[in-house]
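What follows is one structure encoded as structure tokens, with my remarks underneath.
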Number of protein chains: 2
Amino acid sequence: MDEERPKFQGWMAVEGSRIDSLGEGNAPEEELKRAAEVMDGSGLLFMPGLVNTHGHAAMSLLRGLADDLALQDWLQNHMWPMEAKFTGDDVYWGSALAAAEMIKSGTTTFVDMYDHMHRVAEVTQSSGLRASLTRGVIGLCPEEVQKAKLADAIQFARDWHGASDGRISVMISPHAPYTCPPDFIVKFVEAAHELDLPMHTHMSETIAEVEQNVRDYGYRPVEHLDRLGMFTRPTLVAHAVHLTDEEISLLAERGVAVSHNPVSNLKLASGVARVPDLMKAGVTVSLGTDSAASNNNLDLFQEISMAALLHKGVSGDPTVIPATEALRMGTVYGARSIGLDGVTGQLKAGLKADFIALSIDKPHFAPRTDYVSHLAYAARGSDVAHVWVDGKQLLRNGKLLTLDEDKILAEAERCFERLRG
Amino acid sequence: MDEERPKFQGWMAVEGSRIDSLGEGNAPEEELKRAAEVMDGSGLLFMPGLVNTHGHAAMSLLRGLADDLALQDWLQNHMWPMEAKFTGDDVYWGSALAAAEMIKSGTTTFVDMYDHMHRVAEVTQSSGLRASLTRGVIGLCPEEVQKAKLADAIQFARDWHGASDGRISVMISPHAPYTCPPDFIVKFVEAAHELDLPMHTHMSETIAEVEQNVRDYGYRPVEHLDRLGMFTRPTLVAHAVHLTDEEISLLAERGVAVSHNPVSNLKLASGVARVPDLMKAGVTVSLGTDSAASNNNLDLFQEISMAALLHKGVSGDPTVIPATEALRMGTVYGARSIGLDGVTGQLKAGLKADFIALSIDKPHFAPRTDYVSHLAYAARGSDVAHVWVDGKQLLRNGKLLTLDEDKILAEAERCFERLRG
């Protein structure tokens with residue numbers, strides 16, 4: 001994902017939490033001598049860890065609970081009634097379940113927007129993952145409740161931004177223009193300025209939501225949020241399925257990044273985002289799984305291949321989003337869209353040692369024509385054998401090193417049974 | 001996939017090549033007593049083996065060779081020049097590579113259309129897979145060559161139809177209306193009648209091909225093939241992306257089955273087939289991977305989830321192709337579309353014992369809400385632990401029992417290196 005050296009056979013040295021150096025060919029003698037530990041990479045392909053830029057980890061507890069339904073039916077009659085019952089304990093185990101799945105499928109950094117966020121932060125801390133966490137606030141409630149939620153979001157940011165040796169960063173999130181009154185959104189913008197943090201929100205996921213925005217506020221969501229000042233902050237918007245040419249230009253001008261969630265958008269029949277147009281306009285587009293309730297897994301390799309495939313078929317142009325670009329969306333563009341450019345998302349000296357190794361001696365990686373193509377089109381998260389974040393190994397030969405998988409599976413089951421009641 | 005008993009926790013008895021009986025709850029004492037071998041299915045989910053209804057196995061040698069190109073550039077400048085160099089040896093090892101990948105990802109029956117078909121039959125024989133094989137004839141050549149190719153297709157049918165205890169069946173295939181003159185197609189129809197075999201062809205994959213058909217022959221492909229008598233035989237057409245309402249009605253009326261290849265159609269930017277409309281009209285729609293050169297893997301679970309996702313997003317209706325229907329497309333509808341209804345594709349007493357077991361104690365299968373949903377939306381081919389065909393186990397704990405995977409990987413690499421020259 002480093003444009004100067006997109007792929008090579010070579011060696012890499014890690015010191016503490018960072019990539020110290022890397023190069024082609026065999027490792028130099030002096031590197032081998034000073035190494036405390038040497039790992040043989042034969043039969044393995046190393047790449048930067050994947051960056052999942054939109055999700056709700058705790059909702060993994062609701063995977064498979066309700067499918068094949070219209071969005072509002074799904075949300076109002078299935079998701080929200082269950083989520084209303086979520087305790088901090090549910091959020092903890094749901095997020096732990098997601099963390100286990102993400103590590104096993106090669107994700108090293110994830111964005112999470114939910115409630116009870118200190119429990120998600122605890123999971124991030126103990127799992128060893130890198131994360132950008134944000135308390136997603138729905139503002140359809142009395143002013144007192146709004147105030148308390150905003151205060152909670154601010155307190156979470158003060159408590160956790162920069163925690164775990166910087167592995168945890170925080171964003172500020174009104175949930176969406178359709179779930180937050182305009183004056184309430186303005187308060188989040190003010191808070192983001194005061195805390196000097198980026199913002200994250202859902203935007204233009206469905207046509208109905210865009211139409212409602214025009215009806216209620218006179219503007220489509222992009223102009224609406226722009227007028228409320230949101231784009232004076234570095235902002236990541238999730239979905240952005242329904243956009244006009246003018247909206248795409250404005251997003252590019254304001255430097256707003258987009259988290260593209262192709263699987264979730266298809267499953268909920270929200271539509272197909274105009275990703276080739278966004279990228280042509282210069283917008284940074286990264287990939288998110290959304291929650292396991294609308295996906296229904298957290299395998300970012302599926303989003304990578306889906307992004308590479310879907311837009312070819314829908315646009316009629318087989319050259320859009322080539323393999324390399326799809327992989328960048330899942331790595332370096334992901335890092336860039338959450339302010340971690342130069343921190344993670346590439347194998348490059350000086351960056352954090354967030355990387356994964358896939359075992360490639362398998363039929364679906366043969367023959368050895370082009371591993372960039374194989375990664376984008378043939379790979380699955382289950383090919384990931386090893387994972388490191390911040391220089392620390394989290395997965396070895398497919399086994400989790402920081403999390404107790406059996407306990408997580410049992411606790412997630414227990415939480416779900418209680419929620420189902 | 002048995003509508004009378006879509007899912008249950010229970011037991012199954014296999015005798016010889018067939019499913020003898022099955023039921024809910026614990027296995028009866030008398031079944032356990034008369035069993036030569038008892039397998040504990042704890043932590044496993046059993047389902048019928050998957051049926052891949054369109055592909056070109058040998059082209060696995062070209063996986064990742066050329067991507068992100070326009071169809072004609074891809075075909076004429078990359079695929080065809082390489083394929084022209086294919087020897088029987090290449091077809092053998094390319095097909096063996098495909099067989100290894102298919103077994104490991106849960107496919108038990110595959111359709112294959114290619115050249116040097118006796119070599120594909122040998123792979124089928126030794127791998128233990130079930131297959132419907134067909135010599136795909138391109139007729140853009142002198143009459144003498146046409147004659148020889150047709151004779152080859154007929155000879156292959158005579159030699160191999162019903163071979164390997166019936167695991168191998170044969171179809172008759174003019175490659176496509178745009179690669180075979182009308183009078184040549186008629187000869188295939190006659191041969192199919194004489195041999196009493198079904199037919200298989202590519203049809204309406206691209207708009208350009210449909211327009212050319214109208215220009216050259218005065219009809220769109222469905223009416224063209226109907227007038228040439230093809231649909232007087234049981235027929236399976238691959239792709240069928242570009243169809244009018246009238247064509248859909250005619251396919252339904254004639255009982256023509258469609259192999260939907262969503263990943264390949266997206267990757268080559270051919271478009272999105274009207275699958276919900278086809279199914280509403282009563283057409284049997286099954287799933288195919290097409291070759292690994294345009295996919296780029298042979299994981300039918302990806303086609304299942306893609307079919308369930310894609311048509312929701314494109315139609316705007318999240319209720320189309322629900323999870324159960326997507327799984328049926330990958331199993332029982334696949335069997336039906338190649339004349340194997342009542343033979344494979346369901347777990348049902350009397351059917352062939354073609355089944356797979358997925359290991360489900362994994363984060364992406366938790367919680368235990370609904371395994372039908374998990375199979376359609378969360379599963380991957382790599383979840384398959386065990387595979388049986390015709391009552392014989394082909395995969396145990398992810399290890400191939402009938403094929404030498406290391407040798408196949410090495411030979412496939414050797415073939416590719418020679419072809420690349």
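A note on names: the letters A, B, ... follow the listed sequences, proteins ahead of strands, and every chain is numbered from 1.
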Heavy-atom pair count under 4.5 Å with chain A, highest-scoring of [options]:
options	result
B:K312, B:K267, B:R63, B:H364	B:R63
B:V372, B:L62, B:N297, B:T369	B:T369
B:A292, B:S60, B:A378, B:A100	B:A378
B:L298, B:D299, B:I408	B:D299
B:L61, B:V272, B:N265	B:L61
B:S105, B:G316, B:A412	B:G316

Donor-acceptor contact below 3.5 Å, side chain [X] vs main chain [Y]:
X	Y	answer
A:E413	B:R368	yes
B:W74	B:A66	yes
A:E209	A:T206	yes
A:T107	A:I103	no

Can you establish whether the number of heavy atoms outside A:K280 located under 6.0 Å from its atom NZ is more than 12?
no
Between [X] and chain B, with a heavy-atom cut-off of 4.5 Å, which part of the residue counts as in contact: side chain, backbone, both or neither?
X	result
A:D406	neither
A:D67	side chain
A:L409	side chain

Per-residue contact mode, [X] against chain A (heavy atom under 4.5 angstrom):
X	result
B:E417	neither
B:L310	both
B:D383	neither
B:H374	side chain
B:L97	both

A:K7 NZ/CZ over A:Y371 ring centroid, <6.0 Å and within 45° of normal
no
Side-chain H-bond candidate by donor/acceptor type, A:T319 with A:D317, under 3.5 Å
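On atom types as modelled, these side chains qualify, holding a pair under 3.5 Å.
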Quick one: do the B:N52 and B:E303 side chains pair a donor with an acceptor below 3.5 Å?
no
What I'd like to find out is whether the side chain of B:N261 reaches to under 4.5 Å of the side chain of B:T289, using heavy atoms alone.
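No - every pair of side-chain heavy atoms lies 4.5 Å or more apart.
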